[in-house]
Amino acid sequence: MALGMFTAIPLPFHIWEEKLAKLMVTLFPFIGLLIGVIWWGAGVLLTTPDLPIVMVSAVLVVVPFLVAGFIHLDGYMDTSDALLSYRPLEDKLRILKDPTVGAFAVVMLVILFLLQFAAVYTIVDGGRYLALIIAVCVISRSCSTLAIFTLRHMPTSNYTSMLGKDIGSGVVVFTGVVMAVAVGLSFFYAGPVGLMVAGTVVLGYALAMRKAYRAFDGVSGDLLGYALVISELCGLIALALLNRF
């Protein structure tokens, strides 16, 4: 169920059990682990032969969005469009639900890909700590699980209401443990660089979600995607900058 909803990975069959939907939020970090491993694997495969760095970087920028089925990118664009309208709450909610792509969404998408391409290019060119992108994906999705549990859901959001229904504190503890393991492994793998990259992901998510949550007075699936995309971008930029030291 989680793979079918949060990834575009082909599956031999699809099963949906409504009573198990609440358990999918527990699997967010593991979906991130799977996407991160695929992303890292693609990086290893593409950087092994002597291919142009520009082409390799361009492909790697797209890989995580392709694997996730662009679900988070859609939320990033919708939320950006509504946020940058600077209109009253009712108008922002209408824009958030509008399937039409607005100018602000396009501008923010271009900015996202420019920054992400620059970060990936620098990481590939530096050739160090590429595996940290796995931790970036795990930590960002762990933050989403915690956000679903701790923040008030928008009344119009069926997505977060479904995932957040009857979530117990055990899920939060488990997610915290997974995040701590991801941070610890990052430090073991890359030392202070890994710790700073992990911290940047958490900080990026917190700041992005804080801005969006205040603007919409609640959290929804689109806002989760918005914060997740920004947090991963922050992690990549941090890794790119620290890759030089």
Side-chain angles (χ1 to χ4, degrees), residues 1-9 11 14-41 64 67-69 71-72 75 131-154 157-190 194-210 212-213 218-232 234-235 238:
M1 288 171 58
L3 285 174
M5 186 168 186
F6 302 118
T7 74
I9 298 173
L11 300 173
H14 295 271
I15 297 177
W16 182 267
E17 292 287 346
E18 190 68 31
K19 62 182 180 180
L20 299 178
K22 63 181 181 180
L23 299 178
M24 289 194 296
V25 70
T26 311
L27 299 175
F28 272 180
F30 297 100
I31 295 295
L33 176 63
L34 177 60
I35 293 174
V37 168
I38 294 174
W39 198 5
W40 168 77
V67 178
I71 183 173
H72 307 302
L132 279 178
I133 61 177
I134 300 175
V136 168
C137 293
V138 173
I139 294 171
S140 64
R141 284 161 179 79
S142 297
C143 288
S144 286
T145 296
L146 297 177
I148 290 174
F149 180 81
T150 58
L151 300 179
R152 190 178 73 85
H153 302 164
M154 289 168 52
S157 176
N158 295 326
Y159 179 88
T160 51
S161 297
M162 175 189 67
L163 295 178
K165 184 179 180 181
D166 299 327
I167 291 181
S169 58
V171 173
V172 178
V173 174
F174 176 77
T175 303
V177 170
V178 172
M179 183 185 292
V181 170
V183 173
L185 290 175
S186 298
F187 179 73
F188 179 78
Y189 169 66
L195 199 60
M196 286 186 279
V197 169
T200 303
V201 175
V202 175
L203 180 61
Y205 194 101
L207 293 177
M209 180 55 74
R210 179 175 179 268
Y213 184 77
V219 67
S220 69
D222 284 331
L223 271 62
L224 292 174
Y226 171 80
L228 187 146
V229 168
I230 290 180
S231 69
E232 293 187 350
C234 290

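We're numbering straight along the sequence, starting at 1.
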Q: With rounding to the nearest 0.5 Å, note down the distance linking CD1 in I31 to OG in S144.
A: 12.0 Å
(Q) Would you compute the distance between atom OG of S142 and atom CZ of F30 and round it to the nearest 0.5 angstrom? (A) 8.5 Å
Q | Any donor-acceptor pair under 3.5 Å from Y213 side chain to R152 backbone | A | yes
Q: Considering non-hydrogen atoms only, spot the tightest contact between S140 and E232 and give its length.
A: OG-OE2, 2.8 Å
Q | Over all atoms of both residues, closest heavy-atom pair of T200 and A238 | A | OG1-CB, 3.6 Å
Q: Report yes if the side chains of V183 and V202 come closer than 4.5 Å at any heavy-atom pair, otherwise no.
A: no
Q: Show your working on side chain to side chain contact (heavy atoms under 4.5 Å, CB included) between L33 and V178 and close with a plain yes or no.
A: CA-CA 11 Å; L33 176 63; V178 172; over 6 Å; no
Q) When rounded to the nearest 0.5 angstrom, what is the spacing between CG in L228 and CG in L223? A) 12.0 Å
**Q.** Non-hydrogen side-chain atoms of Y226 and I230 separated by less than 4.5 Å
**A.** yes
Q.
Quick check for you: to the nearest 0.5 Å, what is the distance between W40 atom CH2 and I133 atom CD1?
A. 9.0 Å
Q. L146 and T150: which non-hydrogen atoms are nearest, and at how many Å?
A. O-OG1, 2.7 Å
(Q) Quick one, H153 and I148 - any side-chain contact, counting heavy atoms below 4.5 Å? (A) yes
**Q.** Check: P29 and M179 side chains under 4.5 Å, non-hydrogen atoms
**A.** no
Q: Report the distance from atom NE2 of H72 to atom CG of L224, rounding to the nearest 0.5 Å.
A: 9.0 Å
Q: Hey, could you give me the CD1/CD1 distance between I139 and I134, rounded to the nearest 0.5 Å?
A: 11.5 Å
Q: Using a 4.5 Å cut-off on heavy atoms from C-beta on, say whether the side chain of F149 contacts that of V171.
A: no
Q) Taking the side chain as C-beta and beyond, is there a heavy-atom pair between V67 and W39 under 4.5 Å? A) no
**Q.** Side-chain heavy atoms of Y205 within contact of C234, under 4.5 Å
**A.** no
Q: Could you tell me whether the side chain of T145 and the main chain of V25 form a donor-acceptor pair under 3.5 Å?
A: yes
**Q.** Exercise: identify the closest heavy-atom pair between A68 and I35
**A.** CB-CD1, 4.1 Å
